[in-house]
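Read through the structure below, which is laid out as structure tokens, and then see the notes.
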Amino acid sequence: MKFSAIAVFAALVSSANGFATHQPVALTRGVARKASSLQMSTATETTNLAALATAANEARGLAMDSIAAAHSGHMGLPLGCGEIGASLYGSQMTYYAKDPTWINRDRFILSAGHGSMFLYSWLNLAGFDLSIDELKQFRQHHSQTPGHPEFPNSEHTTPGIECTTGPLGAGVANAVGHAASAKMAAAVYNTADHEIFNHHIFVLAGDGCFQEGVSAEAAAFAAHEQLDNLVVLYDSNEVTLDKMAEYTQSEDIIKRYEAYGWETYEIDGHDLEAVEATIAAAKASDNGKPKFIKCNTIIGKGMEETEGTNAAHGEAGVPYVDNAKKNIGLPDGEKWYVSEGTREFFSEVEAKNKATYDAWNDTFKAWSEANPELATQLDNAVHDKMMSPEEMFDAIPEMGGSAEATRVSGNKVIQEIAKLVPHYVSGSADLHGSCRNYINDAGNFGAGFDKSYANKNLYFGIREHAMGAILNGFGYHGLFKISGSTFAVFVDYFRPTIRVASLAELNRVSYILTHDSIGVGEDGPTHQPVETVSGLRVIPNLDVYRPADAEETVAAFVSSVTRKEGPTALIFSRQNIDQNDAVPAAERRAGALKGGYVAKKESADLELIIMATGSEVQHALKAAAEMPGARVVSMPCMEAFERQSEEYKESVLPSSCTKRIAMEAGVSGLWYKYASKVVGVDRFGFSAPGGIVMSELGMTPENLSAQIADM
């Protein structure tokens, strides 16, 4: 291989010694204490170390040139983590760049998403379909290199991106979801004769990620469920954006992770031998403990003017790029430089990875032939294939029955969904008993007690934020559909993860949010959502279903598993709701699937349209009973309704009828798009039995009738 002699010398010196102000940290924690055995188990040829060191510096150069061209970006992490990237992509990870969606690839997640040029540089070097021209377009419109990594979607299709990251800490929790999904896949699909799932999840995170609480919640879950296929690399550079990290943190993070139950290591993140040995040891350790590697690094490494300071975090180093590149041995004046030797080295890496990939495909073929039913199930799961909504409607019995809470209806429906979609799983933030989303006879996921990784019910504990991020991790991993439940009012604990799921178009994810209104009653205003449902409706690409009865609940669930464009929130009541038996079940299902439909047609000339959703539809029907010219429209999902044709929307809400009123036990604002008057709840509730709260705040057919009379 042909490397610049200057570059090789500079890379090896830099890798071995860091900078004069930085003392290499020995392997001092956990298994890493056994330094000699680590080194013996991962002896790396000197030529490979030289190649990795050179690649690390050339990746730094790519990042510097791209950020300088954009005059925007975060330079500190790409420069500080060069050796980590070299080890992962050049040695330790199992992947095949020509098939970036191979289901048994190792996953890499950049939780510190602001350092995105780290990831883009390594994807280019590793042979993914991400050209130098795309690197030159960093942060530009229509490029495949947006400011923060984006999971492939309708806006960006960058290969090799496993998560949309940027909100700090969330990537760590997403990685926990990946790891749980991988454990589940191995348990469901591996057999005694064939192992088709055995990959690892790697995540690179910084101080900000570990200061955010979501990573702590997820770390506790990961250790408790013994996710030993997860490796977290902590870019410990002692810097945050405003100040040096010591200004805001003083904990011993190693002790914290040991207390959770993780296996911990601490190394010099610029010592390639240590990085190689420790990652290899972490991968090899199947001891029921996730792995935490504290990599002590220098932020902005190689840029003398900013390295080791908070100025290195962003693009402050742009004026010093040319000098920094020269300092690390890159050719003077050449931009986006990659040596012939590095390209040759990664060609060899690709050949090695392809051999692994080809061997796996042989195993997979044999497994498929031996297990045709499992193979079909897996193929359906990977490619998101399932019955059409209409076929599901035919397969799910009519609900019938008397008045009941939609959370109770939901419990009946989720059993049917689980039968029709074998890769559907669900979990709860300690509220299975209240939210009623437990899948019967499907067992509990995890380690210990009565749990198994093959089972379908996840217990997240009281960790809503982690739950949301773990759900997203399952969605990104791409093998299961998953829902998670809590009370609707607690959705604000994990709203950021719903926003990202919607942005990333994670249609494999849904949310079951019960106790949907002031009807919660005695628990009082802390537990009575009034702004919550509308707050979800304003998130782009999120469908929000608030069904009015059991048959609409069927449609809501069916939509949540068949929708292709993004996630769905299912909003269910605590209190009983009447069934609208005057409309056939099939019509209610079909109408609810469209987001809105005529729940009661006028018997005379149309004079008034009453719109409602959820528990208020029953009040609308009662108020309209004595009004021949009144039409009642049930609108369980505004978003789905807006996607219908103009002809359909006109048939439900004819523009000729301008006398319209809407009713919902929540804030009124969004309804003014459809109605000239709204009966809503634009205040917080109070503690009393639910019926009293509803009555006092106007959620009755009598008040609705009075409001109509005043129009």
Side-chain angles (χ1 to χ4, degrees), residues 4 6-24 52-86 110 112 114-122 124-125 135-136 138-139 147 204 206-208 235-245 268-272 275 295-339 342:
S4 160
I6 296 175
V8 171
F9 177 76
L12 285 173
V13 170
S14 172
S15 173
N17 299 321
F19 290 86
T21 58
H22 180 74
Q23 295 300 315
L52 293 173
T54 299
N57 279 338
E58 291 178 2
R60 290 181 171 106
L62 293 177
M64 284 190 276
D65 285 336
S66 297
I67 293 166
H71 296 284
S72 176
H74 297 78
M75 205 172 287
L77 184 148
L79 272 61
C81 294
E83 287 73 24
I84 295 170
L110 183 63
H114 55 271
S116 56
M117 267 312 305
F118 168 91
L119 183 49
Y120 301 145
S121 297
W122 286 111
N124 173 270
L125 293 178
L135 270 56
K136 293 178 180 179
F138 178 53
R139 290 189 163 216
L204 178 60
D207 290 286
D235 173 26
S236 179
N237 55 37
E238 302 180 350
V239 170
T240 57
L241 194 153
D242 270 352
K243 294 278 190 180
M244 298 302 289
D268 177 349
H270 302 304
D271 181 341
L272 261 173
V275 174
C295 305
N296 294 296
T297 63
I298 300 171
I299 191 170
K301 185 178 189 293
M303 188 168 285
E304 295 174 349
E305 295 83 356
T306 61
E307 66 185 20
T309 72
N310 59 309
H313 176 81
E315 67 269 14
V318 167
Y320 316 115
V321 162
D322 290 341
N323 189 52
K325 289 168 59 181
K326 184 176 179 181
N327 287 345
I328 61 175
L330 300 181
D332 190 18
E334 289 198 47
K335 297 190 180 299
W336 291 282
Y337 172 78
V338 180
S339 66
T342 293

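This chain uses plain numbering: 1 for the first residue, then up along the sequence.
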Could you check if a side-chain atom of [X] sits within less than 4.5 angstrom of a side-chain atom of [Y], using non-hydrogen atoms only?
X      : Y      : value
Leu135 : Met117 : yes
Asn310 : Ile299 : no
Glu305 : Asn323 : yes
Val239 : Asp207 : no
Val318 : Met75  : yes
Lys136 : Lys335 : no
Met303 : Ile328 : no
Pro78  : Tyr120 : no

Review point. According to the interplanar angle, ranging from 0 to 90°, do the rings of His313 and His114 count as parallel (below 30°), tilted (30 to 60°) or perpendicular (above 60°)?
Key: tilted
Reported [atom1]-to-[atom2] distance for the pair [X] and [Y], which is rounded to 0.5 angstrom:
X      : Y      : atom1 : atom2 : result
Glu58  : Trp336 : CD    : CH2   : 15.5 Å
Ser121 : Asp65  : OG    : CG    : 9.5 Å
Trp122 : Ile84  : CH2   : CD1   : 11.0 Å
Asp322 : Asn327 : CG    : CG    : 11.0 Å
Cys295 : Asn237 : SG    : CG    : 11.0 Å
Ile298 : Thr309 : CD1   : OG1   : 11.5 Å

Mind listing the closest non-hydrogen atom pair of [X] and [Y] along with its distance?
X      : Y      : answer
Ser116 : Phe138 : OG-CE1, 3.4 Å
Ala324 : Met64  : CB-SD, 3.8 Å
Ala311 : Ala316 : O-CB, 3.3 Å
Ala68  : Val321 : CB-CG2, 4.1 Å

Practice item. Give a yes or no on this: more than 12 heavy atoms of other residues, nucleotides or ligands lie within 6.0 Å of atom CD of Glu315. Key: yes
Practice item. Could you check Asp268 against Asn296 for side chain to side chain contact (heavy atoms under 4.5 Å, CB included), going step by step and ending with a plain yes or no? Key: CA-CA 5 Å; Asp268 177 349; Asn296 294 296; 5.6 Å; no
**Study point:** Audit row: Glu307, Leu79, side chain to side chain contact (heavy atoms under 4.5 Å, CB included) steps and yes/no
**Key:** CA-CA 9 Å; Glu307 66 185 20; Leu79 272 61; over 6 Å; no
Practice item. Could you give me the CA-CA distance, side-chain angles and deciding distance for Leu110 and Leu77, then say whether side chain to side chain contact (heavy atoms under 4.5 Å, CB included) is met? Key: CA-CA 10 Å; Leu110 183 63; Leu77 184 148; 4.2 Å; yes
Point to revise | Donor + acceptor pair across side chains of Asp235, Thr297 (<3.5 Å) | key: yes
Exercise for review: Take Glu334 and Lys326 through the salt bridge (Lys or Arg N to Asp or Glu O under 4.0 Å) test and state the conclusion after the steps.
Suggested key: CA-CA 10 Å; Glu334 289 198 47; Lys326 184 176 179 181; over 6 Å; no
